[in-house]
Chemist: 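The structure is given below, and queries will be raised subsequently.
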Amino acid sequence: MSDQITSRSENYSQWYQDLVVKADLAENSAVRGCMVIKPNGYAIWEKMQQHLDKMFKDTGHVNAYFPLFIPKSFFSKEASHVEGFAKECAVVTHYRLKNDPNGKGIIVDEDAKLEEELIVRPTSETIIWNTYRGWVQSYRDLPILVNQWANVVRWEMRTRLFLRTTEFLWQEGHTAHATSQEAIEEAQKMLEVYTTFSEDILAIPVLKGTKTANERFAGALDTYCIEALMQDGKALQAGTSHFLGQNFAKAFDVKFTSKEGKQEFVWATSWGVSTRLMGALIMSHSDDDGLVLPPRLAPIQVVIVPIYKNEEQLNLVSEQALKIKKALEAKGVSVKFDSRDTHKPGWKFAEYELKGVPIRIAIGPRDVENGTVEVARRDTKEKNIYQIIDLEIKIEHILNQIQDNIFKKAQARLEASTYHADSWEEFIDILDNKGGFIYAHWDGTTETELKIKEETKATIRCIPLDNKLEEGKCIFTGNPSIQRVVFARAY
RNA sequence: CGGGGUGUAGCGUAGCCCGGUAUCGCGCCACGUUUGGGACGUGGAGGCCGUCAGUUCGAAUCUGGCCACCCCGACCA
C-alpha cells in the first residue's frame, strides 16, 4: 500500500532507513553521524525510559548524574578499558574561540589550550569510580546502586540511525559491592531486568548468555548479554551487563573496611541499554507498510478517525468519538482523535499505519446510526465492526492480544531461524542462505574465533546461560569442544 | 584512512558526452468539487545547478582545486 518505503525483500537496510525517516522517528543532522530524534521517535524512547526506570527503582536503584567530560588521565588508569575505547573518543582541547584576525569568521583561540584534555564520555566507569572513592569507607557504605540516564559519544566510522550513531542516549548502571558474589548476582539480576523488559514490553524474544573473552566489555571479567534476532537473520545485541571484578576499584583505589576490619577493594558491575533498542524494535516487528509497535510501548495506542461529508455529520461523529475516547482513557488507554479536516480518511489510515499505532477506530455516519465502529489492527491488518457497548473492554483485550501476537510472531521467527551446524560446510551454508543463530562447536580459543570472523563475518554472539555441556569437535579446527556456542552475523 | 560513486527547488530526478540561463514527478500555496484505504480539476510560488578559480562572446554542461555526502573495507552499544 505504501509507495514510500522500499520493501524488505527488495533491500532490507534501505527499508529500515526509509521507515525511520518516513515514520518520522529520526533524521540525519547537520553533524556527521549524529541524528535528530524527532518527537515521534522520542516519545517511544520516553516510554522505554519510563518502563526501565521503574524496573530499576523496583530493584533498589537510584538515579544520579555524572559529568559529560572526563579528564584524559582517568582513561589510562584501567589498561584494557583505555585500549577498548581509545580509538573512538572525542577530545576537548580548547575552551575558547575568537574572531579570526584575517576576518574569516571564528577560530579556536590557541591561547585557550587546556592543561589536560577532556574526553567526551564514551561510557562513565572512570569518572564514576573516581567519584566512588570518596563515597566508600566502610562495608556499611555498600552497596551503591546508581543508574545514570545520559548521552555518550563514540566516534564510529560508519553510522546508521539508532543502530550506531556518534552520539547516543542510554542508561548506564554502576554498582559497587562488598563481595564478588554480590556483584555477580547484581549483574545477573540486571540481565534479567533487561530480558523481562525486552520480552514483556518490547515484545522482542532474546537469547541470554555471556560473551567470550574477545567480545567482552573493555575492563570486564564477565559480560552478560541479551541477543535479539532481526527479520533479516542478523543478530543485534540488545543489552549488556558486566561483572567488572575489582578492576576499577583497583584502578581508582576504591577500598572499604570489612566487618573483619580488613581493607578490601570494592566489587563492581555496570549495565546499559541504549537508543539502539529503537533499531531492535523497528527491525523486529515492522513491515512494508511501516512501523508496528507493541501496545505497551506505543505513545498512542488507539487513533480514532472520523468519516464525514459535511459539518453536520462531523459533529454527529465527533460526539460519539469523544465519548469513546473518554471511556478508553478511563481504562488507561492512550487515544488520539484525529479530526483534522486537512487530510482525508484514507490518507490518515496510511499515515497511522506508517507510524505504528496499534489500533485504529473509524467512525462514520453509518456507524452512528448502527451504534458500531470499525476497528482495525495494525499487526494483522484485520478489520472488524464492533458494537459500541463495552467497546473499551474489547479494545483493552485487543491491545493485549496485539502485544501477545507480536511477541509470539517474533519468537516463532527466532525459533525457526535457530540452527545447529556440525560441519564447516553446513555452517557456511546456513550463514549465506538462511541467516539466524547457529549453535556450533568451538574450541574455545580467541584465535579460532577471530579466524571464523575473518572468513565469514560471523561472531560468537554468546554462550547461552542455560547451555548444555556436550562434547564435540570445533567446526573450524576440529579440536575438541565441550559445548556449542551461538554464532551469527550481527549489527 | 584505503577503494568506488554522487552533488541541479523541501524530496526524488532529466539535461552534461555534443556550451546558448533548467525537465518531470512528489510535496507546498489558492479556489472549487471531494471525504468508509494515501482524491480530482484549474491556477500559482519556489532553483545565483555544492564551492572557488580557469577556458569562452557565453558554463549546470569543458578543465583544475576545494568542500560535502553516500556505498564497500578496517572500528563498533
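Chain identifiers are assigned alphabetically (A, B, ...) following the order of the sequence lines, protein sequences preceding nucleic acid strands; residue numbering begins at 1 within each chain.
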Chemist: Using a cut-off of 4.0 Å on non-hydrogen atoms, how would the nucleic acid contact of E156(A) be classed: base, sugar-phosphate, or nothing?
Modeler: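 If one applies the 4.0 Å heavy-atom cut-off, E156(A) turns out to touch a base.
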Chemist: Let's test this: given Watson-Crick or G-U wobble pairing with both distances under 3.5 Å, identify the partner of A59(B).
Modeler: none
Chemist: Just to be sure I understand the rule, does K457(A) reach a base, reach only the sugar-phosphate, or reach nothing, if contact means heavy atoms closer than 4.0 Å?
Modeler: sugar-phosphate
Chemist: Is R378(A) salt-bridged to E353(A), going by a charged N under 4.0 Å from an acidic O?
Modeler: no
Chemist: Report the nucleotide, chosen from G38(B), C75(B), G36(B), that has the shortest atom-to-atom distance to any side-chain atom of E88(A).
Modeler: C75(B)
Chemist: Rounding to an integer number of angstrom, what distance separates G47(B) and G2(B) when you compare their C1' atoms?
Modeler: 37 Å
Chemist: Rounded to the Å, how far apart are F349(A) CZ and U35(B) C1'?
Modeler: 10 Å
Chemist: So D367(A), base contact, sugar-phosphate only, or nothing? Heavy-atom distance under 4.0 Å.
Modeler: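 Base, at least one base atom sits under 4.0 Å.
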Chemist: Which is true for T165(A) with a 4.0 Å heavy-atom rule: it touches a base, it touches only sugar-phosphate, or it touches nothing?
Modeler: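 Base, at least one base atom sits under 4.0 Å.
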Chemist: Check the distance between U35(B)'s C1' and I307(A)'s CD1 and give it to me in whole angstrom.
Modeler: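 The answer, rounded to whole Å, is 9 Å.
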Chemist: Can you tell me, in whole Å, how much space there is between the C1' of G20(B) and that of C1(B)?
Modeler: 44 Å
Chemist: Searching all strands shown, indicate the nucleotide that pairs with C16(B) (Watson-Crick or G-U wobble; both distances under 3.5 Å).
Modeler: none
Chemist: Are E455(A) and K451(A) within salt-bridge range, i.e. N to O under 4.0 Å?
Modeler: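 No salt bridge links E455(A) with K451(A).
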Chemist: Taking U55(B) as the reference, what is the distance to U63(B) when you measure between their P atoms (whole Å, please)?
Modeler: 15 Å
Chemist: Closest-nucleotide mapping onto RNA chain B: is T166(A) or V31(A) further toward the 5' terminus? I mean the 5' end.
Modeler: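 Its nucleotide being nearer the 5' end, the pick is V31(A).
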Chemist: Work out how far the P atom of G50(B) is from that of G37(B), and round it to whole angstrom.
Modeler: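 My reading of the P atoms in G50(B) and G37(B) gives 44 Å.
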Chemist: Are L163(A) and L236(A) side-chain neighbours, meaning at least one heavy-atom pair lies under 4.5 Å?
Modeler: yes
Chemist: Taking the six-membered ring for Trp and the full ring for Phe, Tyr or His, determine whether the centres of W129(A) and H81(A) are under 6.0 Å apart.
Modeler: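 So the answer is no for these two rings.
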Chemist: What nucleotide among G36(B), G38(B), A77(B) has an atom nearest to a side-chain atom of R154(A)?
Modeler: A77(B)
Chemist: Return the pairing partner of A30(B) with a 3.5 Å limit on both distances, Watson-Crick or G-U wobble; otherwise return none.
Modeler: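 Partner of A30(B): U42(B).
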Chemist: Is there a Watson-Crick or G-U wobble partner for A22(B) with both distances under 3.5 Å, and if so, which one is it?
Modeler: none
Chemist: In the structure shown, which nucleotide is the Watson-Crick or G-U wobble counterpart of A74(B), with both distances under 3.5 Å?
Modeler: none
Chemist: For nucleotides U61(B) and C70(B), find the distance between their P atoms and express it as a whole number of Å.
Modeler: 25 Å
Chemist: Mind checking who C66(B) pairs with, Watson-Crick or G-U wobble, both distances under 3.5 Å?
Modeler: G50(B)
Chemist: Report yes if the distance between the aromatic ring centroids of F248(A) and H174(A) is under 6.0 Å, otherwise no.
Modeler: no
Chemist: What is the nucleic acid contact for K344(A), judged by heavy atoms within less than 4.0 Å: base, sugar-phosphate only, or nothing?
Modeler: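 Result for K344(A) = base.
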Chemist: What is the nucleic acid contact for R360(A), judged by heavy atoms within less than 4.0 Å: base, sugar-phosphate only, or nothing?
Modeler: base
Chemist: Rounded to whole angstrom, note down the P distance from G12(B) over to C52(B).
Modeler: 22 Å
Chemist: I5(A) has an atom CD1; how far is it from atom P of G12(B), in whole Å?
Modeler: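 One finds 16 Å between P of G12(B) and CD1 of I5(A), rounded.
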Chemist: Rounded to the nearest angstrom, tell me the gap between atom CG in D24(A) and atom P in G38(B).
Modeler: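 Value for this atom pair: 21 Å.
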Chemist: Report yes or no: is there a donor-acceptor pair, N or O only, under 3.5 Å between the side chain of K348(A) and the base of G36(B)?
Modeler: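 Counting by modelled atom types and ignoring angles, no donor-acceptor contact under 3.5 Å is found here.
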Chemist: Over how many whole Å does the gap from E369(A) atom CD to G36(B) atom C1' extend?
Modeler: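 From E369(A) CD to G36(B) C1': 14 Å.
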Chemist: Could you measure between the two P atoms, the one in U8(B) and the one in U13(B), and give it in whole Å?
Modeler: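 Between the two P atoms, the distance is 9 Å.
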Chemist: Would F168(A) count as stacking on A77(B) if stacking means ring centres less than 5.5 angstrom apart and planes tilted under 30 degrees?
Modeler: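 Ring-base stacking flag set for F168(A) and A77(B).
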Chemist: Nearest to the side chain of R276(A) - U35(B), A77(B), G37(B)?
Modeler: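 Output: A77(B).
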Chemist: Once you round it to whole Å, what is the distance between P of U35(B) and CH2 of W347(A)?
Modeler: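 Going from CH2 in W347(A) over to P in U35(B) covers 19 Å.
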Chemist: Atom CD of Q50(A) and atom CG of L297(A): how far apart are they, to the nearest 0.5 Å?
Modeler: 9.5 Å
Chemist: Is the closest basic N to carboxylate O distance between R489(A) and D232(A) below 4.0 Å?
Modeler: no
Chemist: For the P atoms, the ones on A22(B) and on U6(B), what distance do you get once it is rounded to whole angstrom?
Modeler: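 Those two atoms are separated by 25 Å.
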